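Below: the structure, in structure tokens.
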Amino acid sequence: MLAIEGLTKRFGTNTAVDAASFTVDEPRMIGIIGASGAGKSTMLRMINRLTDATEGRVAFEGRDVLTLRGKARRDWQSDCAMIFQQFNLVPRLDVVSNVLHGTLGRRSTLATIFNLFPREDIHRAIDILARLGIAEHAAKRAEALSGGQQQRVAIARALMQEPKMILADEPIASLDPMNAQTVMEALRRIHEEDGRMVIANLHTLDTARRYCDRVIGMRKGRIVFDGAPELLTTGAARDIYGAGADFSEEATSTEIREREPYAEAALRDAEATV
Amino acid sequence: MLAIEGLTKRFGTNTAVDAASFTVDEPRMIGIIGASGAGKSTMLRMINRLTDATEGRVAFEGRDVLTLRGKARRDWQSDCAMIFQQFNLVPRLDVVSNVLHGTLGRRSTLATIFNLFPREDIHRAIDILARLGIAEHAAKRAEALSGGQQQRVAIARALMQEPKMILADEPIASLDPMNAQTVMEALRRIHEEDGRMVIANLHTLDTARRYCDRVIGMRKGRIVFDGAPELLTTGAARDIYGAGADFSEEATSTEIREREPYAEAALRDAEATV
Amino acid sequence: MAYVDSDFRAHYFEMLRRKRLYSGIVLAIFVLLLASGFLLANDRNAGGFLQGMPQVLDFPADVVADAAPKVAELPAHLVTYFPALLETVNIAAVSTLAGGVLAIFVSLLSTRGLARFPRPIPVFRRFMDLCRAIPEIVIALILIFVLGGGPVPAMIAIAFHTIGALGKLFSEVNENADLKPVEGLSSVGASWMQRMWLGVVPQVAPNWLSYALLRFEINVRASAILGFVGAGGIGYELKNTMSWGQGKFDEAAAIFILLFLTIVVFDQLSSAVRNRLTHGRAVL
Amino acid sequence: QEIDGFNIGILGGENAQDRLNSYQCLADYTEEALGVDVKLFAPADYNGVIQGLLGGTIDMAWLGASAYAATYLSDPEAVEPVLVKINLDGSYGYHSIGFARKDADIASLEDMEGKVFGFGDPNSTSGYLIPSIEIPQEGDAITMEPGDYFQDVVFTGGHEQTIVAVNNGDIDAGVTWADGQGDWADGYNSGALRKAVDAGLVDMNDMVEIWRSKPIPEGPVVLRKALPDEVKATMTELVDGIYDRDQDCAYNIAAGETLGFDPIDHDAYLSIIEARKSQSN
Amino acid sequence: MQGTASHARYAAAEALLSRKRLMAFLVPGVVLAYLVYIFFAFDIPGLAQRADLENGRTLIRDAYSYKTHVTRDNRSGDVSVSIEGERKGDYPEGTAPEWVALGEETVVTLPRGHEVRFLPGNALVYDFPEGDPRADIEARIEDREVVTDIGEALPDHVSLSSSRLNITTEAGRVSLTNNRTEVFRYFTGWELFFFTLDSPYHGHSFWSIAFGERIDSERTNIAGAVSDFWNNAMWRHKDVAWAIFETILMAFLGTAGAALIALPLAFVAARNFSRLWAARFGVRRIFDFVRGVDGLIWTIVLSRAFGPGPLTGALAILLTDTGTFGKLFSETLENVDSKQIEGVQSTGAKKLQRYRFGVIPQVIPVFLSQALYMLESNTRSATIIGAITGGGIGLLLTQAIITQKDWEEVTYYIVLIILMVMFMDSASSWLRNKLIRGE
Ligand SMILES: Nc1ncnc2c1ncn2[C@@H]1O[C@H](COP(=O)(O)OP(=O)(O)OP(=O)(O)O)[C@@H](O)[C@H]1O
Ligand SMILES: Nc1ncnc2c1ncn2[C@@H]1O[C@H](COP(=O)(O)OP(=O)(O)OP(=O)(O)O)[C@@H](O)[C@H]1O
Ligand SMILES: [Mg+2]
Ligand SMILES: [Mg+2]
């Protein structure tokens with residue numbers, strides 16, 4: 001249903017995404033991993049048409065995504081929801097309004113400007129919020145919520161779009177582990193219950209392994225790994241992160257275990273001086 | 001040399017420091033720990049005379065600190081340097097000028113107003129900066145420095161005062177672990193090499209244990225612990241932080257080791273759902 | 001550790017010397033400009049500063065001397081001139097409103113990252129500069145020539161200036177707006193208007209409103225002044241009574257009191273509202 | 001008694017810079033006669049000059065009769081009138097002329113009922129003071145209260161503005177000054193209308209005269225009373241003799257054809273002062 | 001999930017959104033109602049009828065064109081040519097531009113084949129070109145009356161009374177009265193902008209002045225040209241330059257003076273620096289007062305004491321701005337970062353030293369930037385204040401507008417004012433960057 005061929009993006013001389021190709025035949029939960037700057041965000045942004053591609057083709061159920069213009073392009077964006085690392089909600093607006101923004105692509109500009117959202121949309125928004133367990137915050141301002149709650153509002157907005165596909169750009173990178181888990185679980189549940197395709201950029205191997213059906217690894221703009229999470233050995237990870245033999249998986253983990261030796265060293269120093 | 005007796009500070013009905021008493025006989029490095037709002041900052045500020053005490057006595061080498069007025073009080077402040085969590089430097093002035101502020105208490109108002117500091121003071125300021133390893137930044141503006149460097153400038157300003165005692169109010173709370181270590185080591189070295197007394201508010205047990213000769217624990221304005229770091233058992237820490245039986249030392253640690261069990265639990269959950 | 005690279009010292013002293021020199025020069029130039037400018041202005045003036053100082057209060061004294069015995073008529077004058085005051089305030093309000101709305105569009109169109117069309121950004125910016133540079137009185141006088149006297153020329157003139165002044169402030173606010181919500185809205189397929197209205201306006205509206213209130217206060221003053229050149233309102237009345245002099249100072253005093261109170265009231269009102277907007281709960 | 005400078009105030013009517021240029025000859029003669037620095041000032045309206053005279057920063061000016069009255073009423077000790085301009089026929093009066101557009105079908109004040117009437121500057125004798133007193137005497141129904149007989153009564157700000165406003169149809173009729181001699185088509189021999197015609201601002205064929213005041217005494221050249229007597233004498237003599245000395249300069253200063261200046265004193269303006277008092281609150 | 005709880009939530013969300021919807025309609029509704037009120041209060045419908053587009057057209061035409069007068073004095077019969085009919089634009093006696101043929105019968109050629117001839121006996125003929133449907137016009141003065149060959153029905157382009165004839169066509173304008181016969185021909189451009197007719201450099205190109213042979217034997221070309229340009233009697237570049245300078249001078253003196261006066265007073269008015277409630281209240285009310293009375297009114301008040309001139313304008317700006325700065329500065333002082341002061345205080349610094357090192361370094365850049373911002377805005381105020389009493393470019397501009405004839409000068413002044421304000425704007429932001437970013 002999604003076919004990407006030779007997708008390329010160049011910023012000046014810097015090639016952010018370099019002839020990436022892959023196809024997805026049925027709704028899957030896909031994780032994209034790679035070091036910072038590997039081109040993960042750029043790829044998702046091109047698929048959603050937030051950024052224009054330099055070359056290549058993206059086809060979704062027969063639609064030639066990259067050539068869409070104007071209304072057709074906005075329709076595509078409304079079919080292809082996007083979730084961001086920083087949530088990208090309107091912080092000063094209440095939660096329901098933020099969720100209702102998911103329908104903007106479909107409603108007339110004038111009506112939305114005067115806040116004329118149909119009643120059933122409002123009900124649906126509440127239902128979605130309830131499903132994500134944050135219905136009681138519906139009337140609060142988005143900025144008053146915790147990070148994990150805000151990300152769930154963003155997911156609610158995405159669901160409101162009734163999208164065929166959800167793109168998530170490092171959805172848990174700014175969350176603490178507790179919230180990260182809630183959010184990843186929500187995404188997984190949506191994938192399973194609604195059968196929507198989910199493509200998520202992730203920055204830790206363990207998250208990708210835990211939640212995804214398929215993992216794509218990128219390095220310097222190229223796809224260097226594509227397979228089931230079980231195939232993601234330490235060797236494969238080394239290739240993706242371009243690390244040497246001293247690579248240890250923890251270097252990409254959110255758990256900051258590596259600080260321990262340091263603290264011990266400091267203690268030894270301190271004892272030496274005392 | 002320092003004797004504190006029944007020191008009390010009330011803000012309205014709220015008693016920030018409640019009849020605190022302790023004595024220090026020889027220059028020591030002392031850590032004060034306690035939960036937020038325990039009254040640590042207020043205590044140091046009373047000793048430096050930045051805040052007036054409500055009751056009690058502070059005696060330092062025979063001086064009755066709390067009754068000092070005018071010149072005598074300023075002399076005391078110049079003998080008793082203070083280091084702040086937010087560094088409290090003048091960000092737009094260059095590093096040397098900031099360090100030279102340490103001499104304000106001793107120099108004539110007129111000369112200093114016109115920025116006329118004696119040449120030997122400037123030399124000494126640069127020497128101190130060199131000792132703290134930041135002489136190359138001497139001509140930069142303070143705001144251009146990193147947090148750890150700024151805190152070292154603050155320490156340099158304190159040393160410039162040639163104080164008998166250095167008070168440090170959470171000197172490393174706004175620093176990352178790397179910088180925190182540098183700053184704590186600098187304080188420790190000053191204590192050891194110059195034999196100056198150092199009293200530091202700290203918000204983590206391990207830092208206090210690592211660097212201090214003696215630890216004072218405060219809770220709700222009262223001193224509830226006073227002893228060698230080795231005596232600071234988990235039980236004692238529980239008393240200080242007012243935690244229940246589920247208290248684990250990591251809750252106050254800067255090292256985020258406690259997240260591990262949590263992540264593991266998440267993994268188990270995730271496996272269950274998939 | 002005892003070793004200190006003497007370079008640092010030399011470097012620092014060099015910097016100290018240069019800084020002292022520069023600030024000395026700047027200070028000297030400033031003092032020189034101020035002194036010579038003052039002497040020049042003093043010389044070109046009909047009356048000198050020193051001779052004039054003792055007489056500073058003569059004019060107010062005249063006004064009071066003329067108005068005081070007729071203080072009983074003051075309330076009547078206040079009533080007489082109230083409609084003119086209303087006109088002045090209306091001029092300010094309409095021009096702030098119209099200029100503010102246009103400023104919103106121009107500022108959005110000239111902010112990088114928000115502009116509908118990125119290319120003409122410099123055009124819109126120059127346009128704002130131009131609007132700001134032309135004093136209201138110039139536009140008002142020309143429009144009075146074409147449109148005849150009355151409030152409309154003043155309104156257009158002030159609105160024109162307001163576009164420039166508010167446009168600049170607004171676009172500074174816009175530049176600090178967080179683009180993430182806008183991107184979020186783009187990703188759902190929102191149009192430009194929707195992105196601006198739902199993504200940008202909620203963020204910046206309190207600041208816009210605060211600046212617009214400040215401008216309104218300034219515009220009340222500006223519209224009173226334009227009355228001096230025939231644009232109607234309280235300024236026109238004030239000028240006529242003031243220049244009549246002895247004999248109508250009681251009316252002048254009444255108008256002055258009205259005008260002054262209005263300015264103070266709006267000043268206080270707008271700073272109270274602005275304080276609430278920036279510190280307290282926002283209204284949107 | 002010494003003076004260290006002499007300031008001459010000039011009233012409106014032209015481009016500020018043109019005014020300064022017209023008076024430059026007088027400034028030069030004065031400098032020569034007094035041996036001190038002479039400065040010319042051209043404030044935007046009557047009030048600027050009046051304030052200067054009252055405050056003692058302006059030493060000499062040629063005022064309108066009403067402006068003199070205003071100065072006198074504010075401070076009788078401030079200035080004294082010394083000279084007055086003489087017309088070509090030897091008189092020293094002029095008229096306030098009410099006029100309207102010919103195509104507006106207004107021939108007299110009767111036709112003005114319900115129309116807009118315009119004054120010039122409130123400190124002008126012919127542009128406000130005299131007509132505001134004499135026009136209501138023309139008919140029982142006529143008052144100067146806006147919205148009463150006239151639909152509205154406005155101040156245009158000055159003679160030029162009144163002429164332009166009538167010509168443009170902004171107001172239906174207005175008043176301005178003229179000597180009332182010579183042809184209407186030329187805008188008379190001198191006065192604001194003549195200047196407007198000379199400047200190509202109006203075509204007198206489009207205008208009609210609808211009212212004319214009784215003769216108004218020409219405004220005086222005044223000197224500050226506090227000036228040393230010999231300075232006053234020198235300046236009086238200088239201006240008095242300017243027509244014989246330099247006709248061009250006299251033309252420039254007098255804003256038109258003139259026979260020069262003659263002495264005058266305060267008594268000539270008593271009626272104007274009374275008129276002004278009656279218009280004050 | 002379908003239960004009372006979710007119904008309550010639906011209701012709450014709907015209520016929230018209908019509240020927002022109400023606001024979304026209410027605010028524009030109120031604004032609209034207000035605008036409708038204004039529409040009638042300001043009599044906008046009547047505006048269209050009051051507006052005189054002809055005036056607008058004259059203005060625009062005059063802004064980029066000038067007229068040359070060819071005048072015959074009907075008493076003496078002398079013909080003179082002058083630009084804009086001003087004495088300083090006179091062609092020297094007996095000379096004329098090439099489109100005027102002086103002689104027994106003076107022929108004035110107008111564009112598009114129109115022609116006017118002055119005949120002896122105070123008569124004139126207006127010749128329309130071949131093929132023009134309008135009939136030629138002949139007129140003369142007889143017994144102090146205008147006599148013409150035009151019949152009863154006056155064509156549109158003619159205005160006639162017994163004492164005056166006016167012909168206005170697209171080619172020019174002619175008037176005939178007892179005293180004078182005049183022809184006006186319009187040209188594009190600002191004539192005599194560089195040199196007046198009496199200057200030897202008039203009509204020479206820039207190139208020939210800069211590099212050509214010496215034109216006036218007395219002076220070098222450059223010096224002569226610069227001096228003639230500078231002293232141009234028509235455009236008066238020297239006076240205009242002085243007026244601009246005077247305007248900037250007023251703004252500078254007013255702003256700098258106000259900043260210096262407001263600086264100490266602001267400390268008295270700031271809550272965190274002044275213990276005396278009464279002093280604080282008093283100073284604040286003084287600030288409000290001088291600010292509330294506008295600069296313009298101060299100009300009138302001060303003109304009694306100081307008379308007209310730039311000093312009066314500068315003092316008026318100074319008074320108003322003392323209020324503005326006082327308010328701004330004291331607000332800045334109330335927002336100072338107390339950490340820095342505390343840092344200095346903890347070393348045992350005296351009060352003065354605390355101000356010097358804890359307060360001054362953080363507020364000076366803010367004050368400076370506020371003052372520089374006001375400098376630019378005061379340049380505009382100085383223009384306006386000058387227009388009313390003080391002097392400077394504002395006076396020149398308003399007087400030129402009020403007399404309503406020299407629109408090209410008005411245009412010139414407006415361009416200069418815009419350039420001046422823009423210059424002050426960029427100068428002040430340059431200074432801001434220089435003084436605040438880099439020391
Ligand atoms: N707007 C842009 N202009 C220029 N270069 C860009 C732009 N956006 C991204 N790049 C460059 O493209 C490359 C890929 O960036 P991208 O953000 O896609 O990486 P990423 O894998 O998402 O990394 P991260 O984990 O840091 O988000 C980087 O080198 C980046 O500097
Ligand atoms: N200026 C003040 N006015 C009123 N109450 C104050 C003031 N300063 C401190 N307090 C109160 O005194 C108590 C002790 O505060 P203090 O800052 O000394 O605690 P702390 O131990 O330093 O805490 P933290 O770790 O948060 O810095 C708190 O309850 C605080 O709210
Ligand atoms: Mg990314
Ligand atoms: Mg604290």
Side-chain angles (χ1 to χ4, degrees), chain A residues 89-104 106-145 149-150 152-153 155-157 159-160 186 189-190 193-194, chain E residues 1-42 44-45 271-272 327-328 331-332 334-340 342-343 346-348 362 366 369-370 373 433 437-438:
Chain A
L89 300 173
V90 183
R92 297 178 59 88
L93 283 186
D94 55 277
V95 166
V96 197
S97 296
N98 266 295
V99 177
L100 285 168
H101 288 170
T103 66
L104 287 184
R106 267 173 280 141
R107 305 270 171 243
S108 90
T109 304
L110 205 66
T112 49
I113 283 189
F114 285 105
N115 263 317
L116 296 173
F117 293 101
R119 195 188 198 90
E120 59 273 19
D121 278 5
I122 301 176
H123 289 199
R124 205 155 58 77
I126 297 285
D127 288 345
I128 295 174
L129 286 172
R131 185 180 169 195
L132 293 167
I134 43 171
E136 68 263 42
H137 303 299
K140 285 192 193 153
R141 287 201 196 177
E143 63 193 351
L145 269 53
Q149 290 167 333
Q150 288 196 43
R152 279 184 278 164
V153 174
I155 296 177
R157 178 173 73 188
L159 289 180
M160 196 70 198
R189 222 177 52 233
I190 286 158
E193 293 172 5
D194 306 2
Chain E
M1 254 304 177
Q2 291 298 49
T4 42
S6 69
H7 276 296
R9 275 175 193 156
Y10 288 166
E14 273 166 31
L16 174 76
L17 276 148
S18 47
R19 214 162 44 238
K20 292 179 64 166
R21 204 172 298 151
L22 189 68
M23 280 302 277
F25 282 107
L26 203 64
V27 172
V30 169
V31 169
L32 205 69
Y34 177 68
L35 288 181
V36 168
Y37 154 69
I38 289 298
F39 188 79
F40 290 105
F42 284 6
I44 311 265
R271 206 176 310 127
N272 46 344
K327 186 178 154 119
L328 287 175
E331 277 169 8
T332 307
E334 285 178 1
N335 290 330
V336 288
D337 175 10
S338 59
K339 289 203 306 288
Q340 300 177 33
E342 200 163 67
S346 76
T347 66
Q362 45 173 328
V366 186
S369 133
Q370 284 165 342
Y373 179 77
N433 285 337
R437 302 269 155 71

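So you know, we letter chains A, B, ... as the sequences are listed, proteins then strands, and number each from 1. No experiment lies behind these values; they were computed from the predicted model shown.
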Task: Options A:L116, A:V96, A:V95, ranked by heavy-atom pairs under 4.5 Å with chain E, top entry - done: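 With the most close heavy-atom pairs to chain E, the winner is A:L116.
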Open item on the list: Which heavy atom of E:L17 sits nearest to which heavy atom of A:S97, and what is that distance?
Closed with: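 Smallest heavy-atom distance, with atoms named: CD2-OG, 4.1 Å.
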Open item on the list: Measuring from atom CZ of A:R152 to atom CD1 of A:I128, what distance do you get when rounded to the nearest 0.5 angstrom?
Closed with: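 Here the interatomic distance stands at 14.5 Å.
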Task: Euclidean distance, A:Q149 CD relative to A:L89 CG, rounded to 0.5 Å - done: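 Reported to 0.5 Å precision, the distance equals 12.0 Å.
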Task: Residues A:D194, A:R131; criterion salt bridge (charged side-chain N to carboxylate O under 4.0 Å, His left out); working and verdict - done: CA-CA 12 Å; A:D194 306 2; A:R131 185 180 169 195; 2.8 Å; yes
Task: chain E contact via A:L100 - which portion, at a heavy-atom distance below 4.5 Å - done: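 A:L100 touches chain E through side-chain heavy atoms alone.
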Open item on the list: Less than 4.5 Å to any heavy atom of chain A: does that hold for the side chain of E:A12, its backbone, both, or neither?
Closed with: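 It is neither, since no heavy atom gets under 4.5 Å.
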